[in-house]
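Data block below; observations after.
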Amino acid sequence: MTDCVAIDRCRVCDAAPLETVLDLGETPLANRLLREDQLRDPEPRYPLCCVYCPGCSLLQIRHTVAPEILFRDYVYQSSVSDAAVAHADAHVQTLIEQHRLGAGSRIIEVASNDGYLLQHAQRAGVPVLGIEPAQNIAKLAEERGIPTRAEFFDRACGERLVAEGITANAVLGNNVLAHVPDPRGFVGGAAALLRDGGVVEFEFPYVGDLVEKLEFDTIYHEHLSYFSAHAIEALFAAEGLVLTDVSHWPIHGGSLRVTGAHRADPAGRARVEALLEREREFGMDRRDFYTDFAKRVDQLRDDLRALLAERVARGERIVAYGASAKGSTLLNYCGIGRETLAYVVDRSPVKQGLFTPGTHLPIHGPERLVQDQPPWTLLLTWNFAEEIAAQQTEYRSRGGRFLVPVPEPGVLEDGAG
């Protein structure tokens with residue numbers, strides 16, 4: 001396989017042709033942070049173009065970068081965010097209660113990262129297994145005591161586990177379904193692992209929020225698909241599962257948690273039908289919904305550049321918070337770099353000392369904000385605005401202010417956090 005291939009048919013329903021709705025140009029890989037000695041080397045860039053499937057309404061990117069390039073050595077650690085860990089804890093407790101899980105049960109999490117979620121199930125006495133392709137991150141989970149296999153999950157992986165006698169009452173996948181080039185194989189592998197009465201639960205950024213709130217920076221090469229309930233229902237049905245329940249969560253700018261099983265749940269299905277109807281009312285099953293989104297993204301880019309340029313023209317220093325994947329998309333698409341921003345701060349020690357993709361901004365620890373006290377900080381990880389604002393009370397008490405880029409560029413309200 002070459003390092004990047006273009007699709008001409010839908011990843012879920014195989015329909016063609018796919019219709020271009022948003023082209024973000026060629027961008028570097030969003031999580032490919034650079035060492036200082038790499039800054040002069042040619043930096044790989046790949047097309048980042050969103051297309052719409054008229055068959056199942058899935059929004060997806062046309063070009064697939066090889067997973068081995070994207071995920072084998074990864075820099076994102078879920079445990080760095082207190083909000084993400086608390087969200088995972090609540091999810092696990094609800095799952096255990098609803099399905100009466102205990103010592104004779106098993107939870108398998110795909111893309112289990114550093115064990116941030118499975119640690120809660122393990123503490124509750126439920127056996128767990130993590131599957132995490134990033135070897136460096138899988139090692140962190142093992143050190144935490146979470147049994148983890150460092151491999152990619154697909155249909156073949158699921159079938160191998162079943163052949164070993166490993167099955168589960170629940171197969172979880174948080175913020176991973178959007179990453180896989182073969183969603184059908186992924187869901188099929190998860191379905192094969194289910195014990196009688198078992199469920200799959202996947203959580204991902206919801207395309208309805210992405211469009212409504214102009215969260216275009218959620219689009220990057222790792223996120224191949226942007227799911228609606230319509231697209232998920234088509235995907236589950238193709239692999240013999242029923243979409244039995246849905247729930248909406250504010251995390252990551254708005255996420256959808258979906259439940260699938262071999263048999264329907266009438267109570268949950270009512271919520272599914274309500275969401276499907278709402279999507280039809282909004283036009284999410286039509287191309288125009290997404291082409292209008294593209295026009296609004298262009299306007300946001302112009303407004304953000306103007307907001308920052310005004311402050312630079314006044315001689316006011318601006319830095320950024322969050323060496324995130326979404327920040328990489330935003331900065332590279334908007335053409336914002338060292339002419340505007342002095343540096344980026346990030347809480348993850350793995351990222352500190354490196355440089356951002358494409359824009360080559362140095363990454364420091366958050367304590368740099370108080371040391372330097374720049375008047376403005378562009379909040380690239382706006383999805384954790386409340387958490388970050390609470391952590392940076394000293395910076396803010398000294399007059400430091402946060403700028404938010406989406407859904408409308410502006411100043412974060414003083415009362416946030």
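Quick caveat: nothing in here was measured; it's all calculated off a predicted structure.
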Is atom CD of Glu36 surrounded by more than 12 heavy atoms (other residues, nucleotides or ligands) closer than 6.0 Å?
no

Tell me whether the centres of the aromatic rings in Phe216 and Tyr333 are closer together than 6.0 Å.
yes

Taking it one step at a time, do Arg11 and Thr64 satisfy side chain to side chain donor-acceptor pair (under 3.5 Å)?
CA-CA 11 Å; Arg11 301 176 194 277; Thr64 304; 3.0 Å; yes

Donor-acceptor check, side chain of Arg338 to backbone of His360, threshold 3.5 angstrom: yes or no?
yes

Gly260 and Thr244: which non-hydrogen atoms are nearest, and at how many Å?
N-OG1, 4.1 Å

Pairwise distance CZ(Arg257) to CG(Leu95) - rounded to 0.5 angstrom
8.5 Å

For the pair Asp23 and Arg62, find out whether any cationic side-chain nitrogen is under 4.0 Å from an anionic carboxylate oxygen.
no

Per the side-chain contact (heavy atoms from CB on, under 4.5 Å) rule, which among Ile336, Leu330, Leu308 passes with Pro405?
Leu330

Between the side chains of Asp372 and Tyr343, does any donor sit under 3.5 Å from an acceptor?
yes

With sequence neighbours left out, the residues meeting side-chain contact (heavy atoms from CB on, under 4.5 Å) with Glu408 are none

Do other residues, nucleotides or ligands put more than 12 heavy atoms under 6.0 Å from the CD atom of Glu97?
no

Is there a donor in the side chain of Thr377 and an acceptor in the side chain of Tyr395, or the other way round, less than 3.5 Å apart?
yes

Ignoring hydrogens and angles, state whether a donor on the side chain of Thr340 or Arg305 is under 3.5 Å from an acceptor on the partner side chain.
no

Check this for me, if you would: do Glu239 and Arg155 make a salt bridge, where the nitrogen-to-carboxylate-oxygen distance has to be below 4.0 angstrom?
yes

Classify the ring geometry between His223 and Tyr226 as parallel (under 30°), tilted (30 to 60°) or perpendicular (over 60°).
perpendicular

Check whether Glu142 reaches the backbone of Thr148 with its side chain - one donor and one acceptor, N or O, closer than 3.5 Å.
yes

Between the side chains of Arg35 and Asp37, is the shortest nitrogen-to-carboxylate-oxygen separation below 4.0 Å, so that they form an ion pair?
yes

Going by an N to O cut-off under 4.0 Å, is there a salt bridge joining Arg280 and Asp285?
no

Indicate the atoms forming the closest heavy-atom contact of Leu300 with Pro407, along with that distance.
CD1-O, 3.4 Å

Non-neighbouring partners of Ala156 that pass side-chain contact (heavy atoms from CB on, under 4.5 Å), sequence neighbours left out
Asp154, Arg160

Would you check if there is a donor-acceptor pair between the side chains of Glu203 and His252 at a distance under 3.5 Å?
no

So, Asp3 versus Tyr46: side-chain donor-acceptor pair below 3.5 Å or not?
yes

Flag, side chain of Glu159 to backbone of Gly189, donor-acceptor distance under 3.5 Å
no

Classify the side-chain pair Glu387/Gln391 by whether it contains a donor and acceptor separated by less than 3.5 Å.
yes

Any cation-pi pair here, Arg317 with Trp376, using under 6.0 Å and within 45°?
no

Non-hydrogen atoms of Arg144 and Tyr116 that approach each other most closely:
NH1-N, 3.6 Å

Suppose we call two aromatic rings close when their centres sit under 6.0 Å apart. Are Phe186 and Phe152 close by that rule?
no

Specify the closest pair of heavy atoms between Pro366 and Tyr321, including all atoms of both residues, with the distance to one decimal.
CG-OH, 3.9 Å

Keeping the roles fixed (side chain from Glu151, backbone from Arg149), state whether a donor-acceptor pair exists under 3.5 Å.
no

Shortest non-hydrogen contact between Leu412 and Val404, atoms and distance
CD1-CG1, 4.0 Å

I'd like to know if the side chain of Thr218 and the backbone of Glu215 have a donor-acceptor N/O pair within less than 3.5 Å.
yes

Measure across Leu341 and Leu331 and return the closest heavy-atom pair with its distance rounded to 0.1 Å.
CD1-CD2, 3.8 Å

Assess whether side chain to side chain contact (heavy atoms under 4.5 Å, CB included) is satisfied between Val200 and Val187, documenting all intermediate values.
CA-CA 9 Å; Val200 299; Val187 171; 5.8 Å; no

With the threshold set at 4.0 Å, does a side-chain nitrogen-carboxylate oxygen contact exist between Glu273 and Arg269?
yes

